[in-house]
There are 2 protein chains.
Amino acid sequence: MSAASTPSPSSPSGVRPATTGRGRPPKLDQARTVEVALALLDEVGLDALTMRRLAEAMDVRAGALYRYFATKHELLTAMAEVLLADCLDRPFRSPDWSERVAELARRMRTALLGHRDGARVYAGTHATGAHTLGFADALIGVLREAGFTADHAGRAALTVVHFTLGHTLEEQAARQGVDAGPADPERLRAAVAPGQYPHLTAALPVLTSTDFTAHFEFGLGLLLQGLRALGPGTAPPGTGG
Amino acid sequence: MSAASTPSPSSPSGVRPATTGRGRPPKLDQARTVEVALALLDEVGLDALTMRRLAEAMDVRAGALYRYFATKHELLTAMAEVLLADCLDRPFRSPDWSERVAELARRMRTALLGHRDGARVYAGTHATGAHTLGFADALIGVLREAGFTADHAGRAALTVVHFTLGHTLEEQAARQGVDAGPADPERLRAAVAPGQYPHLTAALPVLTSTDFTAHFEFGLGLLLQGLRALGPGTAPPGTGG
DNA sequence: ACCTGAACACCGTTCAAGT
DNA sequence: ACCTGAACACCGTTCAAGT
(Lines give C-alpha, C1' and ligand atoms only; values in the text may rest on other atoms or scores of the structure.)
Protein backbone atom coordinates (compact mmCIF):
# COMPACT_ATOMS: atom_id res chain seq x y z
CA MET A 1 0.00 0.00 0.00
CA SER A 2 2.50 2.58 1.17
CA ALA A 3 5.06 4.18 -1.10
CA ALA A 4 7.15 5.46 1.81
CA SER A 5 9.99 6.70 -0.30
CA THR A 6 9.93 10.51 -0.43
CA PRO A 7 13.34 11.41 1.00
CA SER A 8 12.06 14.72 2.40
CA PRO A 9 14.17 17.28 0.47
CA SER A 10 12.84 19.93 2.87
CA SER A 11 15.54 21.22 5.17
CA PRO A 12 19.29 20.93 5.78
CA SER A 13 19.44 18.53 8.73
CA GLY A 14 17.87 17.09 11.88
CA VAL A 15 14.71 19.21 11.85
CA ARG A 16 11.34 17.96 13.02
CA PRO A 17 8.90 17.03 10.27
CA ALA A 18 6.34 19.71 9.53
CA THR A 19 2.91 19.40 11.13
CA THR A 20 -0.52 20.51 9.97
CA GLY A 21 -0.38 23.04 12.76
CA ARG A 22 -2.49 21.33 15.41
CA GLY A 23 -1.14 19.44 18.42
CA ARG A 24 2.35 18.11 19.05
CA PRO A 25 4.42 17.14 16.03
CA PRO A 26 4.46 13.32 15.80
CA LYS A 27 7.69 11.65 16.88
CA LEU A 28 7.39 9.18 14.01
CA ASP A 29 6.74 9.16 10.31
CA GLN A 30 7.16 6.54 7.61
CA ALA A 31 10.17 7.99 5.81
CA ARG A 32 12.21 8.62 8.93
CA THR A 33 11.35 5.20 10.35
CA VAL A 34 12.63 3.53 7.19
CA GLU A 35 15.82 5.56 7.32
CA VAL A 36 16.50 4.67 10.95
CA ALA A 37 15.65 1.05 10.18
CA LEU A 38 18.23 0.99 7.38
CA ALA A 39 20.85 2.52 9.66
CA LEU A 40 20.04 -0.06 12.32
CA LEU A 41 20.23 -2.78 9.69
CA ASP A 42 23.80 -1.75 8.94
CA GLU A 43 24.63 -1.84 12.63
CA VAL A 44 23.08 -5.11 13.74
CA GLY A 45 22.11 -7.07 10.62
CA LEU A 46 18.73 -8.42 9.50
CA ASP A 47 18.44 -11.16 12.11
CA ALA A 48 18.81 -8.66 14.95
CA LEU A 49 16.62 -5.99 13.40
CA THR A 50 13.57 -6.21 15.65
CA MET A 51 10.62 -3.90 16.02
CA ARG A 52 11.58 -3.39 19.65
CA ARG A 53 15.15 -2.43 18.88
CA LEU A 54 13.99 -0.10 16.11
CA ALA A 55 11.49 1.48 18.48
CA GLU A 56 14.28 1.99 21.01
CA ALA A 57 16.40 3.67 18.35
CA MET A 58 13.51 6.04 17.66
CA ASP A 59 12.82 6.63 21.36
CA VAL A 60 9.38 5.15 21.26
CA ARG A 61 7.61 1.94 22.36
CA ALA A 62 7.33 -0.89 19.85
CA GLY A 63 3.57 -0.60 19.58
CA ALA A 64 3.85 2.90 18.19
CA LEU A 65 5.46 1.61 15.00
CA TYR A 66 2.25 -0.18 14.09
CA ARG A 67 0.52 3.11 13.43
CA TYR A 68 2.81 3.48 10.38
CA PHE A 69 3.40 -0.10 9.30
CA ALA A 70 0.78 -2.79 9.71
CA THR A 71 3.41 -5.52 9.99
CA LYS A 72 7.16 -5.89 10.15
CA HIS A 73 7.01 -7.30 6.63
CA GLU A 74 5.46 -4.06 5.41
CA LEU A 75 8.33 -2.12 6.98
CA LEU A 76 10.82 -4.43 5.28
CA THR A 77 9.04 -3.86 1.97
CA ALA A 78 9.38 -0.10 2.42
CA MET A 79 13.07 -0.60 3.22
CA ALA A 80 13.53 -2.72 0.09
CA GLU A 81 11.94 0.02 -1.94
CA VAL A 82 14.35 2.64 -0.60
CA LEU A 83 17.31 0.36 -1.31
CA LEU A 84 16.86 0.97 -5.03
CA ALA A 85 16.47 4.73 -4.63
CA ASP A 86 19.70 5.73 -6.36
CA CYS A 87 19.55 3.43 -9.36
CA LEU A 88 18.07 5.96 -11.78
CA ASP A 89 19.48 9.24 -10.49
CA ARG A 90 22.08 9.67 -13.24
CA PRO A 91 22.19 9.31 -17.02
CA PHE A 92 23.65 6.32 -18.83
CA ARG A 93 27.27 6.64 -19.79
CA SER A 94 26.91 4.72 -23.02
CA PRO A 95 24.40 4.76 -25.88
CA ASP A 96 24.91 1.02 -26.47
CA TRP A 97 21.92 -0.98 -25.28
CA SER A 98 23.92 -3.91 -23.94
CA GLU A 99 26.22 -1.58 -22.02
CA ARG A 100 23.11 0.11 -20.61
CA VAL A 101 21.64 -3.18 -19.48
CA ALA A 102 24.97 -3.97 -17.82
CA GLU A 103 24.99 -0.57 -16.15
CA LEU A 104 21.51 -1.10 -14.73
CA ALA A 105 22.45 -4.53 -13.43
CA ARG A 106 25.58 -3.07 -11.81
CA ARG A 107 23.56 -0.30 -10.21
CA MET A 108 21.16 -2.83 -8.78
CA ARG A 109 23.99 -4.90 -7.34
CA THR A 110 25.61 -1.78 -5.90
CA ALA A 111 22.30 -0.69 -4.40
CA LEU A 112 21.79 -4.05 -2.70
CA LEU A 113 25.38 -4.07 -1.47
CA GLY A 114 24.81 -0.58 -0.07
CA HIS A 115 23.28 -1.93 3.12
CA ARG A 116 24.13 -4.95 5.23
CA ASP A 117 21.91 -7.88 4.21
CA GLY A 118 20.43 -5.69 1.49
CA ALA A 119 19.93 -8.58 -0.90
CA ARG A 120 18.18 -10.64 1.77
CA VAL A 121 15.87 -7.75 2.55
CA TYR A 122 15.08 -7.31 -1.12
CA ALA A 123 14.59 -11.02 -1.78
CA GLY A 124 12.28 -11.38 1.19
CA THR A 125 9.84 -8.74 0.03
CA HIS A 126 7.97 -7.79 -3.10
CA ALA A 127 8.24 -4.05 -3.34
CA THR A 128 6.00 -2.38 -5.89
CA GLY A 129 6.97 1.22 -5.20
CA ALA A 130 8.20 3.89 -7.56
CA HIS A 131 11.86 2.91 -7.38
CA THR A 132 11.28 -0.76 -8.08
CA LEU A 133 8.78 -0.12 -10.86
CA GLY A 134 10.92 2.66 -12.30
CA PHE A 135 13.93 0.39 -12.38
CA ALA A 136 12.00 -2.38 -14.13
CA ASP A 137 10.56 0.11 -16.59
CA ALA A 138 14.01 1.48 -17.39
CA LEU A 139 15.49 -1.98 -17.90
CA ILE A 140 12.68 -3.13 -20.14
CA GLY A 141 12.74 0.24 -21.88
CA VAL A 142 16.38 -0.09 -22.88
CA LEU A 143 15.65 -3.48 -24.40
CA ARG A 144 12.50 -2.42 -26.21
CA GLU A 145 14.19 0.65 -27.62
CA ALA A 146 16.95 -1.63 -28.84
CA GLY A 147 14.31 -3.43 -30.86
CA PHE A 148 13.39 -6.38 -28.65
CA THR A 149 9.74 -7.33 -28.42
CA ALA A 150 7.96 -6.54 -25.16
CA ASP A 151 7.91 -10.29 -24.58
CA HIS A 152 11.63 -10.77 -24.94
CA ALA A 153 12.39 -7.55 -23.09
CA GLY A 154 10.25 -8.63 -20.15
CA ARG A 155 11.77 -12.07 -19.92
CA ALA A 156 15.30 -10.75 -20.33
CA ALA A 157 14.70 -8.22 -17.58
CA LEU A 158 13.52 -10.99 -15.27
CA THR A 159 16.63 -12.99 -16.06
CA VAL A 160 18.95 -10.08 -15.34
CA VAL A 161 17.18 -9.27 -12.08
CA HIS A 162 17.11 -12.88 -10.91
CA PHE A 163 20.77 -13.39 -11.68
CA THR A 164 21.71 -10.14 -9.95
CA LEU A 165 19.64 -11.04 -6.91
CA GLY A 166 21.02 -14.57 -6.68
CA HIS A 167 24.58 -13.39 -7.12
CA THR A 168 24.34 -10.58 -4.58
CA LEU A 169 22.59 -12.82 -2.06
CA GLU A 170 25.52 -15.23 -2.21
CA GLU A 171 28.04 -12.42 -2.27
CA GLN A 172 26.71 -10.84 0.91
CA ALA A 173 26.44 -14.24 2.57
CA ALA A 174 30.04 -15.00 1.67
CA ARG A 175 31.39 -11.58 2.63
CA GLN A 176 30.80 -12.32 6.29
CA GLY A 177 30.07 -15.99 6.95
CA VAL A 178 26.34 -16.43 7.52
CA ASP A 179 26.76 -16.53 11.28
CA ALA A 180 30.23 -15.64 12.45
CA GLY A 181 32.00 -18.89 11.75
CA PRO A 182 34.86 -19.19 9.30
CA ALA A 183 34.25 -17.30 6.07
CA ASP A 184 32.82 -19.21 3.17
CA PRO A 185 36.05 -19.83 1.23
CA GLU A 186 37.65 -21.57 4.22
CA ARG A 187 34.67 -23.83 4.79
CA LEU A 188 34.50 -24.84 1.15
CA ARG A 189 38.22 -25.50 1.01
CA ALA A 190 37.99 -27.67 4.12
CA ALA A 191 34.95 -29.60 2.86
CA VAL A 192 36.57 -30.36 -0.48
CA ALA A 193 39.94 -31.35 0.94
CA PRO A 194 39.27 -35.13 1.22
CA GLY A 195 40.35 -35.62 -2.39
CA GLN A 196 36.99 -36.41 -3.91
CA TYR A 197 35.40 -33.95 -6.32
CA PRO A 198 38.20 -33.57 -8.85
CA HIS A 199 36.45 -30.84 -10.85
CA LEU A 200 35.49 -28.87 -7.77
CA THR A 201 39.09 -29.15 -6.65
CA ALA A 202 40.36 -27.86 -9.98
CA ALA A 203 38.02 -24.88 -9.75
CA LEU A 204 38.71 -24.15 -6.08
CA PRO A 205 40.91 -21.12 -6.81
CA VAL A 206 38.08 -19.37 -8.69
CA LEU A 207 35.34 -20.56 -6.38
CA THR A 208 37.12 -19.27 -3.31
CA SER A 209 38.17 -16.02 -4.93
CA THR A 210 36.72 -12.99 -3.22
CA ASP A 211 36.73 -10.88 -6.38
CA PHE A 212 32.95 -10.88 -6.51
CA THR A 213 32.89 -8.15 -9.11
CA ALA A 214 34.74 -10.46 -11.49
CA HIS A 215 32.18 -13.21 -10.86
CA PHE A 216 29.34 -10.82 -11.44
CA GLU A 217 30.83 -9.43 -14.63
CA PHE A 218 31.38 -12.93 -15.99
CA GLY A 219 27.77 -13.93 -15.46
CA LEU A 220 26.52 -10.63 -16.78
CA GLY A 221 28.75 -11.11 -19.82
CA LEU A 222 27.19 -14.49 -20.55
CA LEU A 223 23.70 -13.07 -20.30
CA LEU A 224 24.47 -10.13 -22.57
CA GLN A 225 26.21 -12.37 -25.06
CA GLY A 226 23.08 -14.52 -25.13
CA LEU A 227 20.93 -11.44 -25.65
CA ARG A 228 23.10 -10.19 -28.50
CA ALA A 229 22.87 -13.62 -30.13
CA LEU A 230 19.12 -13.59 -29.69
CA GLY A 231 19.18 -10.19 -31.29
CA PRO A 232 16.47 -7.55 -31.40
CA GLY A 233 13.58 -8.83 -33.47
CA THR A 234 14.18 -12.57 -33.51
CA ALA A 235 12.11 -15.62 -32.64
CA PRO A 236 12.16 -16.91 -29.04
CA PRO A 237 15.09 -19.22 -28.23
CA GLY A 238 14.86 -22.73 -26.94
CA THR A 239 17.61 -24.03 -24.71
CA GLY A 240 18.91 -26.20 -27.52
CA GLY A 241 21.05 -25.39 -30.60
CA MET B 1 30.09 -29.72 10.52
CA SER B 2 27.54 -32.50 10.14
CA ALA B 3 26.86 -34.15 6.84
CA ALA B 4 23.48 -35.51 7.97
CA SER B 5 22.52 -36.83 4.62
CA THR B 6 22.66 -40.62 4.65
CA PRO B 7 19.11 -41.59 3.71
CA SER B 8 19.30 -44.84 5.68
CA PRO B 9 18.78 -47.48 2.97
CA SER B 10 18.42 -50.05 5.73
CA SER B 11 14.87 -51.34 5.98
CA PRO B 12 11.51 -51.17 4.19
CA SER B 13 9.54 -48.71 6.33
CA GLY B 14 8.82 -47.13 9.73
CA VAL B 15 11.32 -49.16 11.72
CA ARG B 16 13.22 -47.85 14.70
CA PRO B 17 16.84 -46.91 14.02
CA ALA B 18 19.32 -49.57 15.07
CA THR B 19 21.06 -49.22 18.42
CA THR B 20 24.44 -50.35 19.61
CA GLY B 21 22.56 -52.78 21.84
CA ARG B 22 22.70 -50.94 25.18
CA GLY B 23 19.84 -48.95 26.72
CA ARG B 24 16.68 -47.64 25.08
CA PRO B 25 16.84 -46.81 21.40
CA PRO B 26 16.99 -42.99 21.05
CA LYS B 27 13.76 -41.31 19.96
CA LEU B 28 15.73 -38.95 17.75
CA ASP B 29 18.45 -39.05 15.15
CA GLN B 30 19.73 -36.55 12.64
CA ALA B 31 18.37 -38.11 9.45
CA ARG B 32 14.87 -38.65 10.78
CA THR B 33 14.76 -35.18 12.32
CA VAL B 34 15.62 -33.64 8.96
CA GLU B 35 12.93 -35.69 7.24
CA VAL B 36 10.25 -34.68 9.73
CA ALA B 37 11.44 -31.08 9.47
CA LEU B 38 11.02 -31.16 5.68
CA ALA B 39 7.54 -32.64 6.04
CA LEU B 40 6.65 -29.95 8.57
CA LEU B 41 8.10 -27.32 6.24
CA ASP B 42 5.64 -28.42 3.55
CA GLU B 43 2.78 -28.21 6.03
CA VAL B 44 3.44 -24.88 7.71
CA GLY B 45 6.09 -23.02 5.70
CA LEU B 46 9.49 -21.69 6.74
CA ASP B 47 8.22 -18.83 8.92
CA ALA B 48 6.21 -21.22 11.08
CA LEU B 49 8.86 -23.94 11.22
CA THR B 50 9.98 -23.60 14.83
CA MET B 51 12.11 -25.85 16.95
CA ARG B 52 9.18 -26.24 19.34
CA ARG B 53 6.75 -27.26 16.64
CA LEU B 54 9.28 -29.67 15.18
CA ALA B 55 9.87 -31.14 18.65
CA GLU B 56 6.14 -31.60 19.04
CA ALA B 57 5.96 -33.39 15.71
CA MET B 58 8.68 -35.74 16.95
CA ASP B 59 7.03 -36.22 20.35
CA VAL B 60 9.90 -34.70 22.25
CA ARG B 61 10.71 -31.42 24.08
CA ALA B 62 12.45 -28.69 22.10
CA GLY B 63 15.65 -28.93 24.11
CA ALA B 64 16.19 -32.50 22.96
CA LEU B 65 16.80 -31.33 19.38
CA TYR B 66 19.94 -29.56 20.50
CA ARG B 67 21.70 -32.85 21.10
CA TYR B 68 21.64 -33.35 17.32
CA PHE B 69 21.84 -29.82 15.97
CA ALA B 70 23.76 -27.09 17.76
CA THR B 71 21.51 -24.39 16.32
CA LYS B 72 18.39 -24.07 14.23
CA HIS B 73 20.61 -22.79 11.43
CA GLU B 74 22.54 -26.03 11.48
CA LEU B 75 19.28 -27.96 11.12
CA LEU B 76 18.30 -25.75 8.19
CA THR B 77 21.69 -26.42 6.60
CA ALA B 78 21.10 -30.15 6.91
CA MET B 79 17.67 -29.67 5.34
CA ALA B 80 19.17 -27.67 2.47
CA GLU B 81 21.62 -30.47 1.88
CA VAL B 82 18.85 -33.07 1.63
CA LEU B 83 16.91 -30.86 -0.76
CA LEU B 84 19.49 -31.60 -3.47
CA ALA B 85 19.50 -35.34 -2.78
CA ASP B 86 17.90 -36.46 -6.04
CA CYS B 87 19.83 -34.27 -8.47
CA LEU B 88 22.42 -36.87 -9.43
CA ASP B 89 20.47 -40.10 -9.11
CA ARG B 90 20.03 -40.68 -12.83
CA PRO B 91 22.18 -40.45 -15.96
CA PHE B 92 22.11 -37.57 -18.40
CA ARG B 93 19.76 -37.97 -21.31
CA SER B 94 21.99 -36.15 -23.77
CA PRO B 95 25.70 -36.27 -24.57
CA ASP B 96 25.70 -32.57 -25.50
CA TRP B 97 27.42 -30.48 -22.84
CA SER B 98 25.05 -27.54 -23.07
CA GLU B 99 22.04 -29.82 -22.79
CA ARG B 100 23.68 -31.43 -19.77
CA VAL B 101 24.23 -28.07 -18.10
CA ALA B 102 20.59 -27.25 -18.76
CA GLU B 103 19.53 -30.58 -17.31
CA LEU B 104 21.50 -29.98 -14.12
CA ALA B 105 20.01 -26.51 -13.76
CA ARG B 106 16.52 -27.93 -14.26
CA ARG B 107 17.16 -30.61 -11.68
CA MET B 108 18.29 -28.00 -9.18
CA ARG B 109 15.17 -25.92 -9.79
CA THR B 110 12.98 -28.99 -9.48
CA ALA B 111 14.74 -29.99 -6.26
CA LEU B 112 14.18 -26.56 -4.71
CA LEU B 113 10.56 -26.54 -5.85
CA GLY B 114 10.14 -29.97 -4.25
CA HIS B 115 9.51 -28.47 -0.83
CA ARG B 116 7.62 -25.38 0.26
CA ASP B 117 10.05 -22.45 0.62
CA GLY B 118 12.82 -24.74 -0.59
CA ALA B 119 14.68 -21.93 -2.34
CA ARG B 120 14.54 -19.75 0.78
CA VAL B 121 15.91 -22.59 2.87
CA TYR B 122 18.71 -23.16 0.40
CA ALA B 123 19.54 -19.47 0.02
CA GLY B 124 19.64 -18.98 3.77
CA THR B 125 22.26 -21.62 4.38
CA HIS B 126 25.61 -22.67 3.01
CA ALA B 127 25.49 -26.41 2.78
CA THR B 128 28.78 -28.17 2.12
CA GLY B 129 27.53 -31.74 2.24
CA ALA B 130 27.90 -34.52 -0.28
CA HIS B 131 24.86 -33.58 -2.35
CA THR B 132 25.80 -29.93 -2.70
CA LEU B 133 29.44 -30.64 -3.43
CA GLY B 134 28.54 -33.50 -5.75
CA PHE B 135 26.19 -31.27 -7.68
CA ALA B 136 28.82 -28.55 -8.06
CA ASP B 137 31.41 -31.11 -9.09
CA ALA B 138 29.07 -32.55 -11.72
CA LEU B 139 28.24 -29.14 -13.15
CA ILE B 140 31.85 -28.03 -13.32
CA GLY B 141 32.78 -31.48 -14.64
CA VAL B 142 30.44 -31.22 -17.61
CA LEU B 143 31.97 -27.89 -18.52
CA ARG B 144 35.56 -28.98 -18.08
CA GLU B 145 35.02 -32.12 -20.09
CA ALA B 146 33.54 -29.92 -22.80
CA GLY B 147 36.87 -28.13 -22.93
CA PHE B 148 36.34 -25.10 -20.72
CA THR B 149 39.16 -24.12 -18.40
CA ALA B 150 38.67 -24.76 -14.69
CA ASP B 151 38.39 -21.00 -14.33
CA HIS B 152 35.60 -20.58 -16.85
CA ALA B 153 33.87 -23.73 -15.70
CA GLY B 154 33.89 -22.51 -12.10
CA ARG B 155 32.56 -19.09 -12.95
CA ALA B 156 29.94 -20.46 -15.32
CA ALA B 157 28.75 -22.88 -12.65
CA LEU B 158 28.37 -20.02 -10.19
CA THR B 159 26.38 -18.08 -12.76
CA VAL B 160 24.03 -21.00 -13.45
CA VAL B 161 23.52 -21.66 -9.74
CA HIS B 162 22.92 -18.00 -8.90
CA PHE B 163 20.44 -17.56 -11.71
CA THR B 164 18.62 -20.75 -10.73
CA LEU B 165 18.50 -19.72 -7.10
CA GLY B 166 17.31 -16.20 -7.86
CA HIS B 167 14.68 -17.44 -10.28
CA THR B 168 13.33 -20.14 -7.98
CA LEU B 169 13.28 -17.79 -5.01
CA GLU B 170 11.03 -15.42 -6.95
CA GLU B 171 9.01 -18.25 -8.39
CA GLN B 172 8.18 -19.69 -4.99
CA ALA B 173 7.45 -16.23 -3.61
CA ALA B 174 5.09 -15.56 -6.51
CA ARG B 175 3.39 -18.95 -6.41
CA GLN B 176 1.70 -18.08 -3.14
CA GLY B 177 1.95 -14.37 -2.33
CA VAL B 178 4.61 -13.85 0.34
CA ASP B 179 2.01 -13.60 3.09
CA ALA B 180 -1.48 -14.48 1.99
CA GLY B 181 -2.43 -11.28 0.25
CA PRO B 182 -3.25 -11.12 -3.44
CA ALA B 183 -0.84 -13.14 -5.56
CA ASP B 184 2.04 -11.33 -7.13
CA PRO B 185 0.59 -10.83 -10.62
CA GLU B 186 -2.44 -8.99 -9.24
CA ARG B 187 -0.37 -6.68 -7.09
CA LEU B 188 1.93 -5.80 -9.95
CA ARG B 189 -0.96 -5.18 -12.30
CA ALA B 190 -2.59 -2.90 -9.73
CA ALA B 191 0.62 -0.98 -9.03
CA VAL B 192 1.30 -0.37 -12.71
CA ALA B 193 -2.25 0.63 -13.61
CA PRO B 194 -1.83 4.41 -13.14
CA GLY B 195 -0.52 4.75 -16.71
CA GLN B 196 3.09 5.53 -15.94
CA TYR B 197 5.75 3.00 -16.84
CA PRO B 198 4.99 2.48 -20.52
CA HIS B 199 7.55 -0.30 -20.98
CA LEU B 200 6.46 -2.13 -17.86
CA THR B 201 2.90 -1.87 -19.09
CA ALA B 202 3.83 -3.28 -22.49
CA ALA B 203 5.55 -6.21 -20.80
CA LEU B 204 2.81 -6.83 -18.23
CA PRO B 205 1.44 -9.90 -20.01
CA VAL B 206 4.81 -11.68 -19.79
CA LEU B 207 5.65 -10.38 -16.35
CA THR B 208 2.39 -11.57 -14.88
CA SER B 209 2.47 -14.89 -16.67
CA THR B 210 2.60 -17.83 -14.32
CA ASP B 211 4.42 -20.06 -16.78
CA PHE B 212 7.53 -20.03 -14.66
CA THR B 213 9.09 -22.85 -16.61
CA ALA B 214 9.05 -20.65 -19.70
CA HIS B 215 10.77 -17.84 -17.79
CA PHE B 216 13.37 -20.22 -16.48
CA GLU B 217 14.05 -21.75 -19.89
CA PHE B 218 14.44 -18.32 -21.43
CA GLY B 219 17.05 -17.26 -18.90
CA LEU B 220 18.80 -20.59 -19.10
CA GLY B 221 18.82 -20.26 -22.87
CA LEU B 222 20.53 -16.88 -22.68
CA LEU B 223 23.18 -18.26 -20.35
CA LEU B 224 23.87 -21.28 -22.53
CA GLN B 225 23.98 -19.16 -25.65
CA GLY B 226 26.54 -16.98 -23.92
CA LEU B 227 28.55 -20.04 -22.97
CA ARG B 228 28.48 -21.42 -26.49
CA ALA B 229 29.68 -18.07 -27.79
CA LEU B 230 32.43 -18.04 -25.21
CA GLY B 231 33.29 -21.50 -26.39
CA PRO B 232 35.52 -24.08 -24.78
CA GLY B 233 39.09 -22.84 -24.78
CA THR B 234 38.65 -19.11 -25.30
CA ALA B 235 39.85 -16.01 -23.47
CA PRO B 236 37.70 -14.61 -20.66
CA PRO B 237 34.91 -12.28 -21.83
CA GLY B 238 34.37 -8.70 -20.77
CA THR B 239 30.83 -7.39 -20.67
CA GLY B 240 31.48 -5.39 -23.83
CA GLY B 241 31.35 -6.58 -27.43
C1' DA C 1 23.49 -41.52 26.69
C1' DC C 2 19.39 -39.29 25.99
C1' DC C 3 15.61 -36.70 27.32
C1' DT C 4 12.57 -33.64 30.55
C1' DG C 5 11.43 -29.47 33.11
C1' DA C 6 12.03 -25.20 33.73
C1' DA C 7 13.91 -21.26 33.02
C1' DC C 8 16.31 -16.95 30.48
C1' DA C 9 16.05 -13.44 27.46
C1' DC C 10 13.82 -12.36 24.06
C1' DC C 11 10.10 -11.89 19.89
C1' DG C 12 5.68 -9.63 16.76
C1' DT C 13 1.41 -7.79 17.60
C1' DT C 14 -2.80 -5.86 19.90
C1' DC C 15 -5.32 -2.59 22.38
C1' DA C 16 -7.27 -0.12 26.22
C1' DA C 17 -6.02 3.99 28.28
C1' DG C 18 -3.82 8.31 28.58
C1' DT C 19 -2.59 13.11 26.63
C1' DA D 1 -4.10 11.98 16.57
C1' DC D 2 -0.43 9.75 18.49
C1' DC D 3 1.81 7.28 21.89
C1' DT D 4 2.31 4.37 26.40
C1' DG D 5 1.68 0.31 29.31
C1' DA D 6 0.77 -3.92 29.60
C1' DA D 7 -0.37 -7.92 28.07
C1' DC D 8 -0.88 -12.35 24.75
C1' DA D 9 1.10 -15.98 22.62
C1' DC D 10 4.89 -17.16 21.26
C1' DC D 11 10.36 -17.70 20.11
C1' DG D 12 15.72 -20.03 20.29
C1' DT D 13 18.65 -21.79 23.54
C1' DT D 14 20.66 -23.59 27.97
C1' DC D 15 21.19 -26.74 31.58
C1' DA D 16 20.46 -29.05 35.90
C1' DA D 17 18.18 -33.10 36.96
C1' DG D 18 16.20 -37.46 36.06
C1' DT D 19 16.29 -42.33 33.98
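In what follows, chains carry the letters A, B, and so on, assigned in the order in which the sequence lines appear, proteins first and then strands, with residues in each chain numbered from 1. All values below come from the heavy atoms of this structure, side chains included, with hydrogens, waters and symmetry mates left out.
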Please report the distance, rounded to the nearest Å, between [atom1] in [X] and [atom2] in [N].
X       : N      : atom1 : atom2 : answer
A:Arg67 : C:dA16 : CZ    : C1'   : 12 Å
A:Glu74 : C:dT13 : CD    : C1'   : 14 Å
B:Leu76 : D:dG12 : CG    : C1'   : 12 Å
B:Leu49 : D:dC10 : CG    : C1'   : 15 Å
B:Gln30 : C:dC2  : CD    : C1'   : 14 Å
B:Lys72 : C:dC11 : NZ    : P     : 15 Å
A:Met51 : C:dC10 : CE    : P     : 18 Å
B:Asp47 : D:dC11 : CG    : P     : 12 Å

Measure up the B:His215 and B:Phe212 rings against each other and bin them: parallel (under 30°), tilted (30 to 60°), perpendicular (over 60°).
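Perpendicular: the ring planes of B:His215 and B:Phe212 meet at over 60°.
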Mutual orientation of the aromatic rings belonging to B:Phe216 and B:Phe163 [parallel < 30°, tilted 30-60°, perpendicular > 60°]
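B:Phe216 vs B:Phe163 ring planes: parallel.
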Intra- and inter-strand pairs of DNA chain C in dot-bracket (Watson-Crick or G-U wobble, both distances under 3.5 Å; | for another strand):
||.|||||...|||||.||
Among [options], the nucleotide that comes nearest once only the side chain of [X] is considered:
X       : options              : value
A:Arg52 : C:dC2, C:dT13, D:dC3 : C:dT13
A:Tyr68 : C:dC2, D:dC2, C:dT13 : D:dC2
A:Thr50 : D:dC3, C:dC3, C:dG12 : C:dG12

Report yes or no: does A:Arg53 contribute a side-chain atom to a donor-acceptor pair with the main-chain N or O of A:Ala48 at less than 3.5 Å?
yes
Carefully, step by step, assess A:Tyr122 and A:Leu169 under the rule side chain to side chain contact (heavy atoms under 4.5 Å, CB included).
CA-CA 9 Å; A:Tyr122 199 81; A:Leu169 221 34; over 6 Å; no
Mind checking the P distance from D:dA9 to C:dC10? Whole angstroms is fine.
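Result for the P pair: 22 Å, nearest Å.
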State, without any angle test, whether B:Arg106 and B:Thr213 hold a side-chain donor-acceptor pair at a distance under 3.5 Å.
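Looking only at side-chain atoms, B:Thr213 and B:Arg106 do not form any donor-acceptor pair under 3.5 Å.
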Flag yes if more than 12 heavy atoms outside B:Asp59 fall under 6.0 Å of its CG atom; otherwise flag no.
no
Taking atom CG as the centre, does A:Asp211 end up with more than 12 heavy-atom neighbours from other residues, nucleotides or ligands that are less than 6.0 angstrom away?
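Atom CG in A:Asp211 is crowded, with more than 12 foreign heavy atoms closer than 6.0 Å.
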Looking at B:Tyr66, I'd like to know whether one of its side-chain N or O atoms comes within less than 4.0 Å of OP1 or OP2 on D:dC15.
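It does not, given that no N or O in the side chain of B:Tyr66 lies less than 4.0 Å from OP1 or OP2 of D:dC15.
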Please confirm whether the shortest side-chain N or O distance from A:Lys27 to OP1 or OP2 of D:dT4 is below 4.0 Å.
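Checking A:Lys27 against D:dT4: at least one side-chain N or O falls below 4.0 Å of OP1 or OP2.
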Using a strict threshold of under 4.0 Å (side-chain N to carboxylate O), is an ion pair present between A:Asp117 and A:Arg175?
no
Show your working on side chain to side chain donor-acceptor pair (under 3.5 Å) between A:Asp42 and A:His115 and close with a plain yes or no.
CA-CA 6 Å; A:Asp42 287 335; A:His115 287 276; 2.9 Å; yes
Do any of residues 53-65 of chain B sit with a heavy atom less than 4.0 Å from DNA chain D, and if so which?
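B:Arg53, B:Ala62, B:Gly63, in order of number.
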